[in-house]
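Just so it is clear: chains get the letters A, B, ... in the order the sequence lines come, proteins before strands, and each one is counted from 1.
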Amino acid sequence: MKLLQTSLKPGTGWNSSQSSSEPFDADLVLAFGQRGPLSHPDAFAGLKARFPSARIIIASTAGSFTDTAIEDDSIVCTALKFERSRATYAVEHLDSSANLEECCHRLGASVASPDLRHVLIFSDGSMVNGTTLSQAFNKVLPPGVTLSGGLAGDGTDFIETMVGLDAPPASGMIVAVGLCGASLQIAFGSSGGWSPFGPKRTVTASHDNVLQELDGKLALDLYKTYLGSEADALPASALRFPLNLTPPGHDNPVVRTILSIDEKQGTMTFAGDIPVDSTVQLMRASYEDLISGAEAAATAASQDAELVLCVSCVGRRIVLGQRIEEELEGVRAIFGAGPVITGFYSYGELAPSGHKHKCQLHNQTMTITSLSERAV
Amino acid sequence: MNKHSLLQRQIRRTFGKDYIFEPELERFFEQVDAAYRQFDHDRKLTEHVLEVSAQELTEVNSQLIAQNRSNEGLLNRLRQTLNHFNEEDSVFAEPDLIRVAEEIDRLVAGRRAVEMALRAAKEAADAANQAKSDFLSSMSHEIRTPLNAIIGMAELLEHDSTRPDVKQCLRTIHTSGDVLLSLINDILDLSKIEAGQIEIEKAPMALKMCVEESVNIVSSLASEKGIVMKLANDPALPEAILGDSLRLRQVLLNLLMNAVKFTERGVISLTTELASNADGCPVVSFAVTDTGIGMTPDQQKRLFRIFSQADVSTSRRFGGTGLGLAISQKLVELMGGKITIESALGKGSTFLFSIPVVQVAKPMPTQTLGSLPSLPNYVLGQRCPMKILLAEDNKVNQQVVELMLNRLGYKTQIVVNGLEAVTVLDTESFDLVLMDIQMPIMSGLEAAEKIIEKHGAKRPQIVALTANATREDRKICMDAGMDDYLVKPLRRDRLAAVIEETYTRIHGLEKMQG
């Protein structure tokens, strides 16, 4: 696997300190950037000129990773040239969330191949219910084929997320990349670092991923009480308090993070389902907890990797503030100096969980997929 | 913007008040300043969150404490209740929910066993009661047959006898027989009511006539005692209603007879009134008022119980079985009403009841009931000559009917079962067959059907003779094609009336056919 990491500031040019700006013969480019630089009229043309023969995957973020730094003004590009493996590609536009399952089934069918090993998903992050998406792919992917990726982000604005394949990015898109070949080594890790606190509550009114009431009271009011003066910064400030959710009849809790609020309806939309009768508890985290969480994810995904794709939750960035790079420094320390690290702050992380390797939506985690095509 | 106050102080202490920094250092201080502010901000938020959380948890805690207290109270209350149930003063001091549940289980199991035992006992009692009813029913039937003979013979002899002392003796035999018969009828009625076998008919009936007849029947008894009998019929009373004339008459007669029995002097009145009940539906109310001995409230309470009279001494003084009122009350209840009493000791009594009525427009064809003037011997046979066949298996009954017919001026041919009746009619023609219903070999019903089938329009008139006075029996006979119906014990006058009617019917028919 040949790798090149660089960044483009549309209207200004390529970062010259990282490499020359000559065209690079890549198979695949992962281009991550905030909605601002990605929306620049010259952005896509710049990428195309630099990587003329590559398939270009673009996703908007809440901060993009280049090594252990976080880039907000430029588009971070990581270009790959496969040596022993290959990739398949598919893109779908989501007209409405109603046909999400159908879209996922078509994507699954399009990237299918006898030697398919893994699927990377980069999805719209404001219209897509991540729970539905991961369940849909679980149904359609053959056994043994794993899936990871993330929902695109929009800084802390929560207005519009954009995804694209070989085209300027747009909202409502889902891109799937199928990684094929027997020599691929893939490992995963996902960890949060959040701790539940305060009283346990019961979901008394909700619909899919829209939460209305906890214990018969408006959930939004509860959040406002907890946020105090921070309530003005909703919905971003609510990311400091994700929900620890145990669905009825389940033992293992999952973490749910907020996507948006509706002041008129008094509802909150989360990145995954909030079933009625679930038990929920607010969660919080200290810097140290979050950084330890990132290190735990890296340890789980640890191998002699060539590329490390980190998808972390925007909520973690909000809490960590200036200390945000410590997450990536922790990851780098585990993997050593070898692999290229890229990734982004997202609105929802997708990764196989546990040994079953069925894809799950994770919220508020650092989720890591490490790749290598070196023979072991 | 001013730097964070702590950072400002640190800079001042280190570099002095008016130190001017290089731009790079200034940018560094900006970073440090932002970190200070984020730290403060995070700390404040954390403190706020912990405070809110603590408040919430405190609230939850106090709710739990209150809940726990209320549970304890509830548990104690439960324990008290359970101890009420416990006959054996159980040691149940510790309020423990599991123990309470166990205790409830134990008590429920105990109650269930008792309930099952009670149910079994009730079923046994019901079965015994049914056996008693069956026994009474068949015994009554058996007693009625010889009683028919006694009454019938006494009546005949009384009619024939010229000696006043013998006439008086025969009169007593006759009356005693009547009393015995009415007692048996009461017992039969009661056993049927208890077995739920009585149904109240809803057929068109002449209401006013029913009331008048009841008063007429009792008025002769009343006048014998020197009591005035009054009837005050509401002018608005409908002529005809849907109802059960037989049962209504039975109730009215019972109340009127009682009034006569318990009144020495004064007035007995029957008042009727058309009114509306609470739902606005029309009801007819009946009130039987006497100036008799009256009753205390305690006596009134016992009154409607079976075999109970106002006072044990009553039966000695006034006779009677104590069944009449119980039967009347049940009959009125079946008609949708209830008998109530207004009475005081020595002040007379009023028995009241109202029954819902449905008025029918057409007045009923007049039913003749009640006694015709007695005919002298042998006259009827000359006036209405007919050839009569009697089918009756019981020897005594044969004798009674034969004697009665004889006195009325008829010669009778007797057969002992239905088959013989059918056979005789093949070779010989008769005008009238008096047909007993229960006979060996072939019943009266079957015989009647065969006769009608064989002889068609030329068949004799057939009148049923039966010991059962119920409407169902009457219907069965009529359905079998019989022309009329006579109830045992046979009364001479009633027999004469039926023969006369039959004669009229035959000759009326002949006229129409001619």
Side-chain angles (χ1 to χ4, degrees), chain A residues 69-70 72 156 193-202 214-234 236-244 279-291 315-327, chain B residues 1-15 19 21-72 74 97:
Chain A
I70 291 153
D72 289 323
T156 53
W194 300 81
S195 320
F197 75 102
K200 288 187 174 177
R201 303 161 214 267
T202 306
L214 295 174
D215 289 340
K217 291 175 193 157
L218 284 180
L220 190 55
D221 288 349
L222 176 78
Y223 265 89
K224 285 180 177 171
T225 309
Y226 267 88
L227 288 167
S229 57
E230 286 278 298
D232 296 341
L234 272 168
S237 56
L239 292 170
R240 290 172 174 274
F241 304 112
L243 281 182
N244 193 42
T279 303
V280 298
Q281 206 175 2
L282 292 178
M283 300 182 95
R284 60 188 290 275
S286 65
Y287 306 143
E288 290 76 12
D289 293 338
L290 292 180
I291 291 157
R316 302 167 73 85
R317 180 168 190 188
I318 289 170
V319 173
L320 285 168
Q322 274 201 34
R323 300 179 65 172
I324 190 64
E325 271 106 343
E326 287 179 40
E327 265 207 317
Chain B
M1 197 175 73
N2 284 333
K3 292 187 181 69
H4 189 276
S5 58
L6 175 61
L7 181 60
Q8 262 182 334
R9 256 194 319 278
Q10 288 170 328
I11 292 171
R12 200 172 57 236
R13 280 189 206 126
T14 315
F15 297 101
Y19 196 88
F21 295 108
E22 298 290 313
E24 289 84 7
L25 207 54
E26 191 61 52
R27 278 202 296 281
F28 170 73
F29 282 135
E30 275 167 21
Q31 295 274 316
V32 175
D33 180 65
Y36 272 51
R37 286 181 196 281
Q38 185 183 356
F39 181 82
D40 273 6
H41 175 264
D42 285 354
R43 183 179 48 78
K44 278 181 193 153
L45 184 64
T46 304
E47 280 169 4
H48 171 74
V49 161
L50 291 179
E51 197 178 314
V52 172
S53 175
Q55 273 172 11
E56 282 200 312
L57 289 170
T58 307
E59 200 176 308
V60 169
N61 190 34
S62 55
Q63 277 170 6
L64 284 176
I65 289 170
Q67 180 79 57
N68 204 26
R69 283 217 187 99
S70 128
N71 283 352
E72 256 173 46
L74 207 66
L97 207 54

Pair Glu230(A)-His41(B), side-chain contact (heavy atoms from CB on, under 4.5 Å): steps then yes or no: CA-CA 10 Å; Glu230(A) 286 278 298; His41(B) 175 264; 2.4 Å; yes
Greater than 12 external heavy atoms within 6.0 Å of Phe28(B)'s CZ: no
Residue part contacting chain A, namely of Gln31(B), when any heavy atom lies under 4.5 Å: both
Neighbour count >12 (heavy atoms, 6.0 Å) for atom CD, Glu22(B): no
CZ/Arg43(B): more than 12 non-hydrogen atoms of other groups inside 6.0 Å: yes
Phe39(B), CZ atom: more than 12 neighbouring heavy atoms under 6.0 Å: no
Residues of residues 281-291 of chain A near chain B, each having a heavy atom less than 4.5 Å away: Arg284(A), Tyr287(A)
Asp42(B) and Arg240(A), any side-chain heavy atoms less than 4.5 Å apart: yes
Minimum-distance pair of heavy atoms, taken over all atoms of Gly321(A) and Gln38(B): CA-NE2, 3.0 Å
Chain B contact via Leu222(A) - which portion, at a heavy-atom distance below 4.5 Å: side chain
Region of Gln322(A) in contact with chain B, defined by heavy-atom distances below 4.5 Å: both
Minimum-distance pair of heavy atoms, taken over all atoms of Ser53(B) and Gly198(A): OG-CA, 3.4 Å
Shortest non-hydrogen contact between Leu45(B) and Tyr226(A), atoms and distance: CD1-O, 4.3 Å
Exceeds 12 heavy-atom contacts within 6.0 angstrom, atom CD of Glu59(B): no
